[in-house]
Trainee: 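Take this structure first; my questions come after.
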Amino acid sequence: MELKKNDNVIGRLLLIMVAIVTFSSVAFTQNLKEAEKYRSQGQKQFDQANYDQAFKLFSKEKTIRKKAGDVKGEALASIYAASALQEDERIAKSVRLLKTALETGLNLKDNNIVGTCYGMLANAYKELGEDRKAREYYTNYKNYEGYVENKKLKRNLTNKESVMQEIRQELEETEASLEKTEIELEQAEIIARNRKIKLKLLAQEKELKQAELDRKEVELDKKRIEAEKQKIQLQNERLIIYSLLIVVLLVLGLLAMAILGYRRKQRDSATIKYQNDKIVSSIEYASSIQNAILPPITGIQSALPDSFVMYRPVDLVSGDFYFFYKIPDQNRFFISVIDCTGHGVPGALMSMIGHKSLREVVLSGEENVANILSKLHDNVVEALNQAKTDNKDGMDLAFCHVDLDKKLLQYAGARNPLVYVQDGKVEVIEATRRPIGGVYHKPLPEFELTEISIDKTTEIYLFSDGYTDQFGGEKGRKFYSKNLYKLIEKVHAKPLSQQHKIFSSKFDEWRGADYIQVDDVTLIGFRISS
């Protein structure tokens with residue numbers, strides 16, 4: 001069912017009637033006078049088509065009336081605010097205000113409020129495209145209008161003819177008034193549309209003027225850019241000329257320097273070669289000294305026939321060294337792999353200090369490997385005067401005492417683990433997480449002693465981190481401890497001499513031709529048979 005335009009006009013007329021009746025019948029307090037001020041200002045903004053500003057003013061009026069307890073005034077303010085929202089095409093928000101006002105009107109039994117709300121809600125739902133609700137409120141509006149008229153007829157019914165005459169007269173007057181009001185509203189709508197069209201034309205004219213200004217500004221920018229380009233081009237040409245002159249001078253200067261350098265190089269090359277040969281000779285001699293402190297591999301293999309030592313320094317001298325000492329006339333020995341701070345010459349110096357200190361502690365008669373590491377730590381701190389300097393150099397190691405008669409192995413480590421295999425199972429004894437050497441403010445953990453029964457065939461492996469830290473493989477990553485443990489598990493049952501070849505070839509294969517050796521490598525393996 002389509003709503004007629006007259007119904008919209010009736011709604012607006014009722015809204016105006018409500019305002020007139022309210023102004024003439026309510027005596028306002030001081031706060032309500034302020035509400036009237038907001039209503040008056042809102043109506044002015046409404047008439048000037050400033051609907052958003054009108055809505056805000058009507059909302060302020062509604063708030064004041066609500067605080068003052070003026071229920072009817074609050075409902076009327078809601079109707080005014082809803083009217084502004086509908087003109088501003090915010091239909092959905094106006095519906096919420098109208099429903100609140102309708103509920104108030106029904107409670108107050110105020111015919112003007114109820115009729116106005118029904119009519120405006122019918123129009124609102126029609127604008128929202130909800131025809132069912134629009135028809136429902138339109139029916140309520142028509143029914144309520146009929147209810148008001150019937151009540152009036154009953155109240156004034158004294159003479160049938162006079163009543164009918166009065167009704168006809170009222171209908172004619174109402175119809176005439178509606179026609180007049182409709183014409184006025186149509187004219188007002190035409191004026192409003194013309195005003196909107198005029199505003200749009202003014203806006204378009206303003207946009208055209210702004211576009212023209214922008215075009216002129218762009219043309220000026222183009223001219224400025226062109227002038228700047230020409231300026232830069234001239235500067236570049238000058239710069240090229242100056243650069244060519246400078247290049248020529250530099251070439252001449254370099255040529256002169258090259259000639260002088262070539263002559264000086266001929267003079268100095270002999271000196272440099274002499275000094276280089278001298279340095280290499282010194283390092284080679286240092287290497288021979290360092291090798292002299294290492295226990296002979298033949299000595300190790302005489303005590304441990306099934307064993308191997310893989311020893312690969314990065315440079316001529318190494319920061320790694322290994323230690324072996326067999327207690328005279330007894331079936332016991334100490335064995336260790338030590339990794340000193342750094343490599344090359346600095347590492348070699350630390351290895352000399354470490355070897356001397358370790359040998360002194362072992363020869364002192366101490367047999368508990370944890371105590372040996374503690375005393376070694378104290379000796380290194382004292383030897384490097386670390387208590388009074390910032391020096392924190394030191395060493396990591398795995399240290400073992402093996403008693404072949406008791407079938408017992410004692411182990412203590414400083415950051416280097418012990419790996420052994422029994423019954424085909426690889427076991428890893430983690431080291432104490434502290435180094436040998438260096439002064440620390442926080443208390444360090446005591447070195448832990450671990451005892452392992454070797455009453456069955458056992459393969460034992462000691463190593464520095466040079467093997468596991470080597471970069472290589474397809475992705476250029478470290479070899480890592482887990483891969484070493486897997487390799488040990490795979491080859492432990494083979495003869496130790498064969499294992500030596502496997503570990504060496506695996507290291508070379510992993511490093512390949514693309515990666516250099518990054519650290520000294522030491523790996524010792526031996527088997528204790530049951």
Side-chain angles (χ1 to χ4, degrees), residues 283-284 287 290-291 294-298 300-301 304-324 335-344 347-348 351 395-398 400 413 415-431 457-527:
I283 295 175
E284 287 176 346
S287 176
Q290 186 180 36
N291 289 331
L294 295 175
I297 294 177
T298 54
I300 297 175
Q301 291 180 337
L304 295 168
D306 209 358
S307 64
F308 73 85
V309 176
M310 177 181 175
Y311 181 64
R312 289 194 182 185
V314 173
D315 303 311
L316 290 174
V317 289
S318 173
D320 282 6
F321 70 96
Y322 51 93
F323 179 85
F324 181 82
I335 188 168
S336 178
V337 169
I338 303 93
D339 183 359
C340 298
T341 303
H343 53 77
S351 72
M395 57 194 72
D396 302 333
L397 73 158
C400 294
R415 301 205 294 197
N416 277 4
L418 170 74
V419 179
Y420 70 95
V421 184
Q422 286 183 346
D423 298 327
K425 184 179 180 181
V426 176
E427 301 286 352
V428 179
I429 308 299
E430 296 294 343
T457 298
T458 306
E459 289 81 28
I460 300 159
Y461 300 89
L462 308 173
F463 50 89
S464 64
D465 60 5
Y467 199 107
T468 57
D469 285 351
Q470 178 59 47
F471 290 97
E474 293 180 358
K475 298 182 179 180
R477 295 179 178 176
K478 290 183 178 182
F479 190 75
Y480 291 119
S481 300
K482 62 180 182 180
N483 292 320
L484 178 59
Y485 300 159
K486 289 179 181 179
L487 183 58
I488 289 173
E489 184 179 20
K490 182 177 179 181
V491 306
H492 74 278
K494 298 180 183 296
L496 272 294
S497 59
Q498 188 176 348
Q499 288 187 39
H500 185 193
K501 295 178 181 178
I502 294 172
F503 284 116
S504 296
S505 62
K506 184 63 178 178
F507 181 82
D508 293 334
E509 178 187 343
W510 179 260
R511 181 171 64 85
D514 296 330
Y515 298 92
I516 62 171
Q517 183 175 333
V518 296
D519 198 2
D520 302 315
V521 175
T522 305
L523 172 62
I524 293 179
F526 59 94
R527 177 180 288 127

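If you read the sequence from its start, that first residue is 1, and numbering goes on from there. Just so we're clear, the structure is a prediction, and the values are computed from it rather than from any experiment. Hydrogens, waters and symmetry mates play no part in the numbers below; they use all other heavy atoms, side chains included.
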Trainee: Do you know which two heavy atoms are closest between Ser504 and Arg312, and how far apart they sit?
Mentor: CB-NH2, 3.6 Å
Trainee: Kindly compute the distance separating CD (Gln301) from CZ (Phe526), expressed to the nearest 0.5 Å.
Mentor: 13.0 Å
Trainee: Taking ring pair (Phe, Tyr, Trp, His ring centres under 6.0 Å) as the test, write out the residues that go with Tyr322, two or more places apart.
Mentor: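 Once residues adjacent in sequence are excluded, the partners of Tyr322 under the ring pair (Phe, Tyr, Trp, His ring centres under 6.0 Å) criterion are Tyr311.
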Trainee: Distance from Asp306 atom CG to Lys494 atom NZ, nearest 0.5 Å?
Mentor: 13.5 Å
Trainee: Could you tell me whether the side chain of His492 reaches within less than 4.5 Å of the side chain of Tyr461, counting heavy atoms only?
Mentor: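 Contact flag for Tyr461/His492 side chains = yes.
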Trainee: Could you walk me through whether Asp465 and Lys478 pass the salt bridge (Lys or Arg N to Asp or Glu O under 4.0 Å) test, one step at a time?
Mentor: CA-CA 11 Å; Asp465 60 5; Lys478 290 183 178 182; over 6 Å; no
Trainee: Sequence neighbours excluded, which residues qualify as side chain to side chain donor-acceptor pair (under 3.5 Å) partners of Gln422?
Mentor: Thr458
Trainee: For a side chain to side chain contact (heavy atoms under 4.5 Å, CB included) check, start with the C-alpha distance between Thr457 and Arg527, then their side-chain angles and the critical distance, and finish with the verdict.
Mentor: CA-CA 7 Å; Thr457 298; Arg527 177 180 288 127; 4.0 Å; yes
Trainee: Would you indicate whether the side-chain heavy atoms of Tyr485 and Pro417 approach each other to under 4.5 Å?
Mentor: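 Heavy-atom side-chain distance check passes, below 4.5 Å.
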Trainee: Does the side chain of Asp320 come within less than 4.5 Å of Val337's, by heavy atoms?
Mentor: no
Trainee: Counting C-beta onward and ignoring hydrogens, is there a side-chain heavy-atom pair between Asp520 and Asp339 closer than 4.5 Å?
Mentor: no
Trainee: If we ignore hydrogens and angles and just use 3.5 Å, is the side chain of Thr341 paired with the main-chain N or O of Met395 as donor and acceptor?
Mentor: no
Trainee: So, taking the atom named OG in Ser464 and the one named CG in Asp469, what distance separates them when rounded to the nearest 0.5 Å?
Mentor: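 The OG atom of Ser464 sits 9.0 Å away from the CG atom of Asp469.
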Trainee: Are the side chains of Gln470 and Val521 in touch, meaning some heavy atoms are under 4.5 Å apart?
Mentor: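 Not in contact.
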Trainee: Measure the shortest side-chain to side-chain distance between Leu418 and Leu462 over non-hydrogen atoms and say whether it is less than 4.5 angstrom.
Mentor: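 In short, these two side chains touch, coming nearer than 4.5 Å.
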Trainee: For residues Arg511 and Ile516, report the shortest heavy-atom separation together with the two atoms involved.
Mentor: CD-C, 3.8 Å
Trainee: Can you give me the closest heavy-atom contact between Ser351 and Gly319, atom names plus distance?
Mentor: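 In terms of heavy atoms, the two residues are closest at CB-O, 4.4 Å.
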Trainee: Working to the nearest 0.5 Å, report the span between CD1 of Ile524 and CG of Leu496.
Mentor: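 With rounding to 0.5 Å, CD1 (Ile524) is 11.5 Å from CG (Leu496).
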Trainee: Specify the closest pair of heavy atoms between Arg415 and Ala431, including all atoms of both residues, with the distance to one decimal.
Mentor: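 Minimum heavy-atom separation between Arg415 and Ala431: N-CB, 3.3 Å.
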Trainee: Using the ring of each side chain (for Trp, its six-membered ring), is Phe479 parallel, tilted or perpendicular to Tyr467, with breaks at 30° and 60°?
Mentor: perpendicular
Trainee: Any non-hydrogen side-chain atom of Leu484 less than 4.5 Å from a side-chain atom of Ile488?
Mentor: yes
Trainee: Measuring from atom CZ of Phe323 to atom SG of Cys400, what distance do you get when rounded to the nearest 0.5 angstrom?
Mentor: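 It is 12.5 Å, given to the nearest 0.5 Å.
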Trainee: If we only count heavy atoms from C-beta on, is the Met310 to Phe463 side-chain gap below 4.5 Å?
Mentor: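 Met310 vs Phe463: side chains apart.
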Trainee: Quick one: CD1 on Ile297 to CZ on Phe308, what's the gap to the nearest 0.5 Å?
Mentor: 11.0 Å
Trainee: To check you understand the geometry: which heavy-atom pair defines the closest contact between Tyr515 and Gly473, and what is its length?
Mentor: CE1-O, 4.3 Å
Trainee: Give the intermediate values and the outcome of side chain to side chain contact (heavy atoms under 4.5 Å, CB included) for residues Lys506 and Lys490.
Mentor: CA-CA 12 Å; Lys506 184 63 178 178; Lys490 182 177 179 181; over 6 Å; no
Trainee: Restricting to non-hydrogen atoms, name the atom on Gly466 and the atom on Asp519 that form the minimum distance, rounded to 0.1 Å.
Mentor: CA-CB, 4.0 Å
